[in-house]
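Order of appearance sets the numbers: ligands from 1, and atoms from 1 within every ligand.
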Amino acid sequence: MPTTVNAFGAHEAGQPLAPVTIERRDVGPHDVQIDILYCGICHSDMNFVDGSFGPLPVSPLVPGHEIVGRVTETGSAVTRHQVGDLVGIGCMANSCRECDNCRAGQEQYCLKGHTLVFGSPDPAEPGAHTQGGYSEAIVAPEDFVVRVPETLDPVAAAPLLCAGITVYAPLKRFAAGPGTKVAVVGLGGLGHLGVKMAKAMGAEVTVLSRSDSKREAAAALGADHYAATGDGTAFTELANTFDLILNTVSAPISLADYLGMLRLHGTMISVGVTTQPMPLDVFPLLQNGRSYAGSLFGGIAETQEMLDFAAEHKVTADIELIGAKDINTAYERINASDVRYRFVIDGSTFKGLTA
Ligand code: ZN
Ligand code: ZN
């Protein structure tokens, strides 16, 4: 019997979210059922809900892809998880598992298209769409559920499932570490974890932000240096400086200005999502043999690796815990950059909601 659970979702793009009920499918042989303890609020949840990624794929749409919870039931063939385990689910809930990219452990780049944890047609249930973590419970294939180390604070670990892996994967791929200089552009949900992860990897970290207002906050997160870019002088002063620039800003920036700060063979990586174009001149790329790269969250194995790394180095998000009824206010505050640095919803507050 499918289970009806309380959730918070959008009936229409651009409208506030409201209490809803959704059906969770039966636990199949390879599935686990998870009681959701916490779910982070990521900027891309808002992109789906406000319509900037297009019409809602399903109505109601329940967002949420930074999920931490406890396993409450396992399918008959499940081997990776047991009832009671602390686990997480991030952006993906499935992929083809057969294409070159899936076999390379990069399921996020599945050539047949990955299944998002919400808003995707659900291969496990023809005709249905996946629904996300703003809810009491979820059912997902065991291979897309990762183990959350018990030493991590589960509420502060939730944002690692999207924001954490989104910054960890490219920092790892481009070898951030001792002796490298990393700049993090923007100090929001992604950026603050970018600083912590890059520091934990041993890099020298500079935060680049428009004004001086986040200087102290950057230092508190462990950043070695800070530069305000608003008046443009930083682009000259820091020309040819960084090995890596991690752009976490979810709005267009002047790529030529930032590329100019890369030293020999340096790489700028975009992880912030914007639907606006960002013009790219080739000349700043030619100088110093620079590269410009993108990165989309991460594969399942590297998400597990990231969580283990986070536990070893004590990296978690700085969060503000809210109840389900505060989600719409949280969205407004995120748009006003009024959060340090991630809202996380207390999963227990979905219980007792009436749709
Ligand atoms: Zn996200
Ligand atoms: Zn695939």
Side-chain angles (χ1 to χ4, degrees), residues 10 17 36 38-50 52-53 57 61-68 88-124 130-134 138 140-141 143-144 146 156-170 186 188-194 197 246-251 269-275 294-303 306-307 310 316-319 327 330-331 334-335 339 341-345:
L17 282 77
I36 296 175
Y38 300 106
C39 182
I41 297 181
C42 171
H43 199 272
S44 37
D45 293 342
M46 298 164 60
N47 290 133
F48 274 95
V49 168
D50 70 16
S52 50
F53 287 168
L61 175 73
V62 175
H65 58 274
E66 292 183 336
I67 300 166
V68 169
I89 306 179
C91 305
M92 280 182 294
N94 223 325
S95 73
C96 86
R97 309 166 191 227
E98 292 170 349
C99 71
D100 288 351
N101 293 359
C102 282
R103 282 205 302 250
Q106 297 282 282
E107 301 89 350
Q108 76 277 30
Y109 304 130
C110 177
L111 296 170
K112 292 175 185 166
H114 58 248
T115 300
L116 284 173
V117 72
F118 69 85
S120 285
D122 189 350
T130 54
Q131 297 281 17
Y134 297 4
I138 189 167
D143 291 345
F144 286 76
V146 288
L160 298 177
L161 274 304
C162 171
I165 185 60
T166 296
V167 296
Y168 175 89
L190 286 170
H192 94 289
L193 282 171
M197 289 288 188
L246 185 68
N247 174 26
T248 71
V249 174
S250 51
I269 311 146
S270 272
V271 293
V273 175
T274 172
T275 53
S295 188
L296 178 69
F297 43 92
I300 295 299
E302 69 184 340
T303 301
M306 176 276 302
L307 286 168
T316 52
D318 290 12
I319 65 103
I327 292 172
Y331 276 26
I334 291 168
N335 278 329
V339 56
Y341 290 91
R342 206 60 149 182
F343 287 110
V344 175
I345 309 160

*Are side-chain N/O atoms of Tyr331 and Asp50 paired as donor and acceptor at under 3.5 Å?*
no
Using side-chain hydrogen bond (donor to acceptor under 3.5 Å, both in side chains) as the criterion, list what pairs up with [X], not counting sequence neighbours.
| X | result |
| --- | --- |
| Tyr341 | none |
| Asn101 | none |
| Tyr168 | Glu305 |

*Does the ring centre of Phe297 sit less than 6.0 Å away from the ring centre of His114?*
yes
*Return the set of protein N, O or S atoms whose distance to the Zn ion (ligand 2) is under 2.8 Å, each given as residue and atom.*
Cys96 SG, Cys99 SG, Cys102 SG, Cys110 SG
*Roughly how far, to the nearest 0.5 Å, is the OG1 atom of Thr166 from the CG atom of Leu296?*
7.0 Å
_Metal-centred angle, the Zn ion (ligand 1) as apex - SG of Cys42, NE2 of His65, 10° resolution_ = 110°
